[in-house]
S.K.: 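My structure is below; once you've seen it, I'll send some questions.
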Amino acid sequence: MILDLKDLKTTEKQYYLQHVVAPRPICFASTIDKKGNINLSPFSFFNLFSSNPPIVIFSPARRVRDNTTKHTLENVLEVPEVVINIVTYDMVHPVSLASCEYPKEVNEFIKAGFTPEPATIVKPPMVKESKVKLECKVIEVKPLGTEAGAGNLVICEVLRMHIEDSLLDENKKIDQRKIHHVARLGAEWYCKVDETNLFQVAKPNTELGIGIDALPESIRNSKILTGNNLGQLANVHEMPVIEASFDDAHLKNIIQYYSINPEEMERELQLYAKKLLEENKVREAWQVLLSAV
Ligand SMILES: Cc1cc2nc3c(=O)[nH]c(=O)nc-3n(C[C@H](O)[C@H](O)[C@H](O)COP(=O)(O)O)c2cc1C
């Protein structure tokens, strides 16, 4: 299927874009108007765009139904400050409740059962239940259009972060496994980030990876190794060589058992290398593959 966005109704554009540009982190924005009315609403059109200056952006869009603007947008135009509370799994249902279109004077802290906690630099309160809060100054609001569905970029400079101590390890670093973010996808789909679905990808270091094109042909054209496996192998910064000291019982078995059939041996070695790569053992996988090359 190929879609030209200009041929779609706004609801259809929203439907397809939100399903594919996903998952999106959720900003739970606390804002205040000049009279002191507090608002708390979730926004998944949200992300980090710069570390220095520290900039995050979220987008309260014009309502698709009637092209009206959201209270959050009106508030930041009156008082250009916001607390962005990061949404975690244990708060997702009341966060969703806070997205109901309550009248302006209704405080969603009360409706959704969250505890306001005074911020230290800005006027809107923080959400006590959120494990990470960002006190922000709104430096610019950029409307992206005037039609229903048009976003409004609320460009925020992060002034101060509050991080719950329970998320930190002994070196005061954030343990990613402990945050349990939730993120929004299409329609009513959400996802939860935890130890069962987190994984690490080794960063290419300052020394360049050799690249897929530098892999031996038998590896590059393998029917067994996947694109991800090739990416792992090609991330080494120089072509590995056979290490005489590499001693692996299973490798020895394969070589002994399949010595009369080189094709079978290559297949077995690649299957074993694939298993090692799944365990992130890139050096070992290379040693196994080099036995066949
Ligand atoms: C998880 C979640 C994410 C949402 N993301 C957005 C968004 O990025 N932009 C938007 O305009 N509305 C979004 N909404 C809907 C708003 O939260 C909703 O319109 C809310 O009533 C706005 O409140 P306000 O008028 O008090 O500012 C989202 C709702 C939920 C539950």
Side-chain angles (χ1 to χ4, degrees), residues 10-11 13-49 56-114 116 123-125 127 129-130 132 134 136 138 141-156 179-193:
T10 304
T11 48
K13 289 182 207 175
Q14 190 179 39
Y15 174 90
Y16 288 110
L17 289 169
Q18 292 190 355
H19 279 76
V20 300
V21 184
R24 301 177 302 280
I26 304 171
C27 130
F28 200 23
S30 160
T31 55
I32 193 165
D33 69 8
K34 268 194 193 142
K35 290 192 204 132
N37 290 312
I38 289 168
N39 194 282
L40 184 62
S41 298
F43 297 95
S44 70
F45 293 173
F46 164 58
N47 224 307
L48 167 69
F49 288 88
V56 295
I57 301 180
F58 70 97
S59 173
R62 302 180 76 94
R63 289 193 183 86
V64 173
R65 191 176 1 98
D66 56 9
N67 196 14
T68 52
T69 53
K70 302 205 171 168
H71 300 145
T72 303
L73 175 67
E74 293 157 16
N75 286 359
V76 295
L77 290 170
E78 282 184 25
V79 179
E81 295 179 343
V82 55
V83 175
I84 291 181
N85 303 276
I86 298 298
V87 177
T88 54
Y89 183 67
D90 48 1
M91 49 194 292
V92 66
H93 286 279
V95 165
S96 174
L97 179 62
S99 76
C100 291
E101 290 179 9
Y102 294 115
K104 192 156 197 291
E105 58 287 354
V106 170
N107 178 342
E108 287 94 356
F109 273 92
I110 296 168
K111 275 287 166 206
F114 287 106
K123 286 180 239 24
V127 172
E129 289 77 6
S130 172
V132 184
L134 313 177
C136 305
V138 174
V141 177
K142 183 169 175 35
L144 298 176
T146 52
E147 308 269 303
N152 293 280
L153 302 185
V154 179
I155 305 175
C156 309
I179 301 192
H180 301 163
H181 284 101
V182 283
R184 186 86 189 269
L185 297 93
E188 296 186 341
W189 291 103
Y190 287 72
C191 68
K192 172 188 179 188
V193 179

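Indexing begins at 1, ligand by ligand and atom by atom, following the structure's order.
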S.K.: Within a distance under 4.0 Å of any heavy atom of E108, pick out the atoms of ligand 1 and give their elements.
M.R.: 26 (O)
S.K.: Checking a contact table here: which protein heavy atom is nearest atom 11 (O) of ligand 1, and how many Å away?
M.R.: A61 N, 2.7 Å
S.K.: Name the closest protein heavy atom to atom 26 (O) of ligand 1, giving the residue it belongs to and the distance to 0.1 Å.
M.R.: N39 ND2, 2.9 Å
S.K.: Just by modelled atom types, is the T72 backbone N or O under 3.5 Å from a matching donor or acceptor in the N39 side chain?
M.R.: no
S.K.: List ligand 1 atoms under 4.0 Å from P60, heavy atoms only on the residue side.
M.R.: 11 (O)
S.K.: Could you give me the CA-CA distance, side-chain angles and deciding distance for K35 and K104, then say whether side-chain contact (heavy atoms from CB on, under 4.5 Å) is met?
M.R.: CA-CA 11 Å; K35 290 192 204 132; K104 192 156 197 291; over 6 Å; no
S.K.: Any side-chain to backbone donor/acceptor pair from N85 onto V127? Under 3.5 Å, distance only.
M.R.: yes
S.K.: Quick one: look up the protein heavy atom nearest atom 1 (C) of ligand 1 and list residue, atom name and how far away it is.
M.R.: Y190 OH, 3.3 Å
S.K.: For S130 and F114: C-alpha separation, side-chain torsions, deciding distance, then whether side-chain contact (heavy atoms from CB on, under 4.5 Å) applies.
M.R.: CA-CA 9 Å; S130 172; F114 287 106; over 6 Å; no
S.K.: Using modelled atom types and a 3.5 Å cut-off, is there a donor and acceptor pairing between side-chain atoms of R63 and backbone atoms of T69?
M.R.: yes
S.K.: Decide yes or no on side-chain contact (heavy atoms from CB on, under 4.5 Å) for V79 and T31, but give the supporting numbers first.
M.R.: CA-CA 8 Å; V79 179; T31 55; over 6 Å; no
S.K.: Quick check: V95 and ligand 1, any N/O pair under 3.5 Å apart?
M.R.: no
S.K.: Check the pair I179 / V193 against side-chain contact (heavy atoms from CB on, under 4.5 Å), numbers first and verdict last.
M.R.: CA-CA 8 Å; I179 301 192; V193 179; over 6 Å; no
S.K.: Evaluating non-hydrogen atoms only, which member of P42, A98, P103 is closest to atom 16 (C) of ligand 1?
M.R.: P42
S.K.: List ligand 1 atoms under 4.0 Å from R63, heavy atoms only on the residue side.
M.R.: 25 (O)
S.K.: Counting only heavy atoms, tell me which of E188, K70, R24 gets closest to atom 19 (O) of ligand 1.
M.R.: K70
S.K.: Could you go through the salt bridge (charged side-chain N to carboxylate O under 4.0 Å, His left out) check for E78 and K34 one step at a time?
M.R.: CA-CA 6 Å; E78 282 184 25; K34 268 194 193 142; 5.7 Å; no
S.K.: Geometry only, no angles: is S44 polar-contacting ligand 1 at N/O separations under 3.5 Å?
M.R.: yes
S.K.: Is there side-chain contact between H181 and I86, with heavy atoms separated by less than 4.5 Å?
M.R.: yes
S.K.: Using a strict 4.0 Å cut-off to heavy atoms of C100, name the atoms of ligand 1 that fall inside it.
M.R.: 21 (O)
S.K.: Which residue owns the protein heavy atom closest to atom 24 (P) of ligand 1, what's the atom, and how far is it?
M.R.: S41 OG, 3.4 Å
S.K.: Just which atoms of ligand 1 are under 4.0 Å from any heavy atom in S59?
M.R.: 7 (C), 8 (O), 9 (N), 10 (C), 11 (O)
S.K.: Quick one: nearest non-hydrogen protein atom to atom 8 (O) of ligand 1, plus distance?
M.R.: F45 N, 2.8 Å
S.K.: Starting from atom 18 (C) of ligand 1, find the nearest protein heavy-atom neighbour and note its residue, name and distance.
M.R.: S99 O, 3.4 Å
S.K.: Show me which atoms of ligand 1 lie under 4.0 Å from any heavy atom of H71.
M.R.: 24 (P), 25 (O), 26 (O), 27 (O)
S.K.: Looking only at distances, can you tell me whether any N or O atom of T72, backbone or side chain, sits closer than 3.5 Å to an N or O atom of ligand 1?
M.R.: yes
S.K.: Test F58 against every option in F46, F43, F49, F28 by the ring pair (Phe, Tyr, Trp, His ring centres under 6.0 Å) rule and name the one that passes.
M.R.: F43
S.K.: Mind checking what makes side chain to side chain contact (heavy atoms under 4.5 Å, CB included) contact with F45, not counting sequence neighbours?
M.R.: Q18, R24, S59
S.K.: How far is atom 3 (C) of ligand 1 from the closest protein heavy atom, and which atom is that?
M.R.: R184 NH1, 3.3 Å
